[in-house]
Amino acid sequence: MASLSLRGIYKRYPGGVTAVSDFTMNIKDKEFIILVGPSGCGKSTTLRMIAGLEEISEGELFIGDRLVNDVAPKDRDIAMVFQSYALYPHMTVFENMAFGLKLRKVPKDEIKRLVEEAAKSLDISHLLDRKPKALSGGQRQRVALGRAIVRDPQVFLLDEPLSNLDAKLRAQMRTELSKLHKRLGTTFIYVTHDQIEAMTMGDRIVVMKDGFIQQIDSPINLYENPVNKFVAGFMGSPQMNFIDAKLILQNGKYTVEFGSEDTKSSRGRKFYVELPNSKTADCEGLKNYVDKEVTFGIRPENIHDEEMFISAATTGIIEANVDVTEMMGAESYLYLTCEGIPLTARVSPRCTARPQDVVKLAFDPNKVHLFDKDDEHAILS
């Protein structure tokens, strides 16, 4: 097993295109790392550089204590599982899983033992005589994983391996992959654009945008303490609500002000969320933003429609028009408009609000995020 160290890694293509810039991080032995971000952010390119399938333009890559920049892919002791599975259609499942071992001149009886053990652990022993065309998507995915497992690599690289599966099977395979990681005790590096996969599987998550690392952290810290507006908006579904607001000092307390400036209409209203002292006490920088425009963020689950929250709230109460409701089973989503501001609230499935209703809601002031209006870094989380 192995740790990895990526030190100032760049990937530049002819024509001046830089796909990855200054990628630097240390990955511990047996860690499950997720690279996540929108399409084109450089996550798959980074994975391919680790695999040796893309040349590193600048920087150093160590697997264990060995510098591998110029080491051929087959000599890096890594295994890669692709989105397309990359199975040989003319070979049986057994032959697909055994192929890499045959190239290494592993004895036949050892190949048989390793393949059968891997097949058993993945519950595909009954499929060993079939060819890929006779398998479902989930079964092909397991075969691709099995082919990697039998090699007993130091590092597993997985490039969006679940994206071709239906939603139910994807959820099942997330669990299976997490179990597999614990059972194998191997370093996993996993690329996805699906933040649900990232949140549920990773020990640490690397959020990327435009080739740059935005934040490396545990799933809970990424969710609760995003370093900027991009990370806050990318992690979480539905995404965080963002509101143009002003930070003011009111009655000696930091308060977020937002709403309509329409003074001619009786419908123009301002709303206020007073921030608790416990939240602002350690944030010295807030004083620099008083009477300035900021971006106010709040997650859908922190906007409450229950009477117990509204009656107990002393601040952050709004009225909003319901545009669309979505019943999700265990919860409902309300898509709202408040003084021209679009909002999403995640509420109880017992909510009776319907389109065109006007509802009263309470923001949880303890869950407010503030971001700089210009460079979008987090001011308060």
Side-chain angles (χ1 to χ4, degrees), residues 1-14 16-73 75-80 153-160 181 186-193 195 197-199 201-235 372 375-378 381:
M1 305 311 149
S3 58
L4 284 88
S5 180
L6 295 92
R7 305 176 186 177
I9 299 289
Y10 284 79
K11 179 60 187 179
R12 300 186 184 95
Y13 291 105
V17 176
T18 301
V20 177
S21 299
D22 195 23
F23 192 106
T24 299
M25 77 174 296
N26 293 315
I27 300 171
K28 300 171 190 170
D29 183 26
K30 302 179 184 177
E31 203 169 10
F32 199 137
I33 294 292
I34 306 278
L35 305 183
V36 69
S39 296
C41 72
K43 55 190 185 296
S44 289
T45 303
T46 302
L47 199 75
R48 290 174 65 83
M49 284 191 286
I50 295 172
L53 302 177
E54 290 277 2
E55 187 178 338
I56 294 171
S57 304
E58 182 183 335
E60 295 179 321
L61 170 63
F62 288 84
I63 298 179
D65 298 325
R66 183 169 66 141
L67 179 65
V68 298
N69 285 47
D70 299 319
V71 175
D75 299 322
R76 293 191 181 194
D77 201 10
I78 55 95
M80 190 159 178
Q154 292 190 82
V155 182
F156 273 89
L157 306 178
L158 301 102
D159 191 6
E160 303 206 35
H181 171 250
T186 310
T187 307
F188 274 43
I189 305 175
Y190 185 106
V191 161
T192 182
H193 63 271
Q195 53 88 27
E197 285 181 21
M199 291 290 289
M201 294 169 67
D203 296 322
R204 285 191 297 161
I205 300 172
V206 183
V207 182
M208 298 183 68
K209 178 190 177 189
D210 299 332
F212 288 91
I213 294 173
Q214 302 295 303
Q215 187 171 355
I216 303 174
D217 219 324
S218 66
I220 191 67
N221 277 339
L222 276 177
Y223 194 75
E224 294 185 348
N225 302 296
V227 297
N228 58 34
K229 183 181 173 184
F230 173 79
V231 175
F234 194 82
M235 304 307 294
D372 185 284
D375 68 10
E376 300 187 345
H377 79 269
S381 288

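Just so you know, these numbers use all the heavy atoms, side chains as well, and skip hydrogens, waters and symmetry mates. The first residue in the sequence is number 1, and the count goes up from there.
Distance check: Asn26 CG to Glu31 CD gives 9.5 Å after rounding to the nearest 0.5 Å. Here CG of Leu53 is found 11.0 Å from OG of Ser44. Values are rounded to the nearest 0.5 Å.
When atom types are taken as modelled, the side chain of His181 and the backbone of Phe188 share no donor-acceptor pair closer than 3.5 angstrom. Side-chain atoms of Lys11 do not come within 3.5 Å of backbone N or O of Ile56 as any donor-acceptor pair. Between the Lys28 side chain and the Ala2 main chain, no donor and acceptor come within less than 3.5 Å of each other. With hydrogens and angles ignored, the 3.5 Å screen pairs no side-chain donor or acceptor of Gln215 with any backbone N or O of Asn228. In this structure, the side chain of Asp22 does not engage the main chain of Gly211 through any donor-acceptor pair within 3.5 Å. The backbone N or O of Phe32 sits less than 3.5 Å from a side-chain atom of Asp203, completing a donor-acceptor pair.
Here the side chains of Leu61 and Met49 are not in contact, with every heavy-atom distance at 4.5 Å or above. With contacts defined as side-chain heavy-atom distances shorter than 4.5 Å, the pair Ile50/Ile189 qualifies. Put simply, the side chain of Val36 does not reach to within 4.5 Å of the side chain of Lys43, judged on heavy atoms. Contact annotation: the side chain of Met80 approaches that of Arg48 to within less than 4.5 Å [non-hydrogen atoms, C-beta and beyond]. Using a 4.5 Å heavy-atom cutoff, the side chains of Asp29 and Gln154 are not in contact.
Considering Ile78, Thr186, Thr187 in turn, Thr186 is the only one that fulfils the side-chain contact (heavy atoms from CB on, under 4.5 Å) rule with Phe156.
Checked for salt-bridge contact, Glu58 and Arg12 meet the test: a charged N lies under 4.0 Å from a carboxylate O.
Among residues two or more places apart in sequence or in another chain, the ring-ring contact (aromatic ring centres under 6.0 Å, His included) test is passed with His193 by none. Judged as a ring-ring contact (aromatic ring centres under 6.0 Å, His included), and not counting sequence neighbours, Phe23 has no contacts. For Phe230, the ring-ring contact (aromatic ring centres under 6.0 Å, His included) partners at least two apart in sequence or on another chain are Phe234.
A cation-pi arrangement is present between Arg7 and Phe62, with the terminal nitrogen or guanidinium carbon under 6.0 Å from the aromatic centre and inside a 45° cone about the axis. Remark: Lys209 fails to qualify as a cation-pi partner of Phe212 under the 6.0 Å distance and 45° angle criteria applied to the six-membered ring.
Counting only N and O atoms by type, the side chains of Thr192 and Glu160 include no donor and acceptor under 3.5 Å apart.
Annotation for Asp65: atom CG does not count as buried by contact number, only 12 or fewer foreign heavy atoms lying within 6.0 Å.
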